[in-house]
Number of protein chains: 2
Amino acid sequence: MRKYKISEIVVKRLPLYLRCLTYLDKMGVPTISSHELGHKLGIKPSQIRKDLAYFGEFGKQGIGYDVSYLRGEIRHILGLTEHIKVAVVGAGKLGQALSDYILLKREDFDIAAVFDRDPAKIGMEVGGVKVSPIENLKEIIQEKEIQMAIVTVPANAAQKVVNLLVDAGVRGILSFAPIAVTVPEGVRFYNVDFTMELQSLAYYLTGQGKNEY
Amino acid sequence: MRKYKISEIVVKRLPLYLRCLTYLDKMGVPTISSHELGHKLGIKPSQIRKDLAYFGEFGKQGIGYDVSYLRGEIRHILGLTEHIKVAVVGAGKLGQALSDYILLKREDFDIAAVFDRDPAKIGMEVGGVKVSPIENLKEIIQEKEIQMAIVTVPANAAQKVVNLLVDAGVRGILSFAPIAVTVPEGVRFYNVDFTMELQSLAYYLTGQGKNEY
DNA sequence: TCATGTGAAGCTATTCACAGCA
DNA sequence: TGCTGTGAATAGCTTCACATGA
């Protein structure tokens with residue numbers, strides 16, 4: 001057990017490293033230096049070395065990092081050694097796209113359940129499973145011991161759905177709903193809102209940052 | 001013109017404030033203090049005050065901020081005073097979901113063109129426009145003076161598509177492709193990869209951060 | 001009194017620079 | 001020589017604390 005806490009900003013970079021290492025591994029690249037990896041990712045080599053050094057000594061002096069080995073170590077750190085069950089709430093186009101992508105990729109995550117409120121969607125096959133009515137959410141999540149969920153419902157339903165998930169025991173939520181949601185202590189909540197991304201891009205294109213670099 | 005550069009981390013918080021202010025405005029809330037706003041967003045009041053103070057003096061002592069006025073000021077700072085034209089490349093489920101959402105919301109952005117490589121998709125109506133073949137990308141983007149694009153193509157096509165967009169003159173790109181892409185100086189590139197988000201969630205649920213708070 | 005705007009302090013993150021090892 | 005791992009230095013961000021104004 002580590003005695004100090006790793007900052008979230010470091011944890012968020014690990015998947016970035018992992019994505020690149022997985023690609024390199026598939027390409028058959030045996031080793032990579034922090035310098036080369038940093039170049040590919042637009043990150044300083046010293047930062048990569050420091051990030052990795054929080055978790056162990058994975059490199060070899062004079063050589064760099066063994067791609068396949070480092071990939072495995074990062075997967076271990078992130079807890080991806082066995083597939084993690086995920087529930088998806090909201091079987092609209094976005095929910096379908098995300099679920100089907102996870103099913104297709106067959107890596108790290110399994111869609112264990114998909115929920116929707118709309119009776120017309122119940123029974124449809126999404127992400128390899130049949131869509132269930134949201135009324136059965138707690139029962140199914142507890143039965144299958146699902147601890148992570150993706151929320152793709154409209155803004156006005158997001159807080160309600162998050163409350164249901166938390167009540168069912170889910171401890172990590174990734175929401176695509178464009179609204180602020182509150183969760184109790186002990187639940188980790190991430191929000192991906194692509195309109196917010198577009199708005200910050202706008203700052204640099206048409207807003208006050210348009211002449212900046 | 002401001003003499004110092006605003007950090008990206010501040011720019012990325014403005015859309016968060018904006019989203020909440022838009023909601024409050026719709027609810028008819030006339031004013032809000034940095035304390036209340038911070039409470040809703042899980043951000044310290046002092047941070048909100050400092051962020052806003054970079055751009056002007058928008059508040060009133062003893063009262064707080066006028067919701068509607070501050071909303072307008074942030075929209076102005078971000079360059080959202082008139083609708084921004086956006087191209088979407090990739091008319092799969094994800095591209096459709098994002099395009100249709102933008103069309104439906106009718107705020108800040110307009111879908112000016114949607115492109116796909118698949119002949120079966122050409123002519124389909126997505127986001128209120130007909131899908132065009134990717135061969136016409138440069139021509140259409142230049143004719144319509146589109147400067148922002150959303151990329152929802154598979155990983156193996158992402159770099160090629162980004163190159164096309166940059167060549168056509170696009171200066172801001174939001175990619176949903178799960179791969180590292182490089183862009184030349186002068187082009188702003190954001191990557192939204194939901195599997196990376198899930199992986200960092202995993203760190204706290206099943207990985208080495210599972211006992212942290 | 002209440003809440004902003006802001007200099008100063010405190011804290012966190014990044015980068016440098018180099019000892020040490022293959 | 002080439003590259004890691006790491007203490008030290010720097011840079012950047014957040015929070016405090018309070019003068020000021022409504």
In whole angstrom, what separates B:Lys60's NZ from C:dT1's P? 23 Å
From NZ of B:Lys5 across to P of D:dG12 the rounded distance in Å is 10 Å
Looking across every strand, which nucleic acid part, if any, lies under 4.0 Å from B:Ser33 by heavy atom: base, sugar-phosphate, or nothing? sugar-phosphate
Whole angstrom value for the distance that separates C1' of C:dA17 from CD of A:Gln47: 17 Å
If you draw a 6.0 Å radius around NE2 in B:His83, do more than 12 non-hydrogen atoms from other residues or ligands fall strictly inside? yes
Given C:dT4, D:dT15, D:dC13, the nucleotide with the shortest approach to the side chain of B:Arg49: C:dT4
At under 4.0 Å, does any side-chain N or O of B:Ser34 touch on OP1 or OP2 of C:dT4? yes
Nucleotide C:dT15, atom C1' - distance to CD1 of A:Ile43 in whole Å: 13 Å
Which of B:Leu16, B:Ile74, B:Val29 passes side chain to side chain contact (heavy atoms under 4.5 Å, CB included) with B:Leu21? Answer is B:Ile74
Are there over 12 heavy-atom neighbours, none belonging to B:Lys105, within less than 6.0 Å of that residue's NZ? yes
I want to confirm an ordering. Mapping A:Gly62 and A:Lys44 to their closest nucleotides on DNA chain C, which one lands closer to the 5' end? A:Lys44
In whole Å, what is the span from the CD1 atom of A:Ile48 to the P atom of C:dT14? 12 Å
Could you state the atom-to-atom distance from CG of A:Leu70 to P of D:dG5 in whole Å? 9 Å
Examine B:Lys12 relative to B:Tyr190 and say whether NZ or CZ is less than 6.0 Å from the centre of the six-membered ring and inside a 45° cone about the ring axis. yes
So B:Val166 and B:Val170, do their side chains get closer than 4.5 Å, heavy atoms only? no
Nearest-angstrom distance from the residue atom OH of B:Tyr54 to C1' of C:dT4: 16 Å
Of C:dG5, C:dT14, D:dT14, the nucleotide closest to the side chain of A:Lys50 is C:dT14
Of the candidates D:dT4, C:dT6, D:dA22, the side chain of A:Tyr65 sits closest to D:dT4
Distance in angstrom units between A:Tyr4 OH and C:dC11 C1', rounded: 18 Å
Any side-chain N or O of A:Ser7 below 4.0 angstrom from OP1/OP2 of C:dA13? yes
Using a heavy-atom cut-off of under 4.0 Å over every strand shown, decide if A:Leu52 touches base, sugar-phosphate, or nothing. nothing
Test for a donor-acceptor pair under 3.5 Å between the base of D:dT20 and the side chain of B:Gln61, counting only N and O atoms. yes
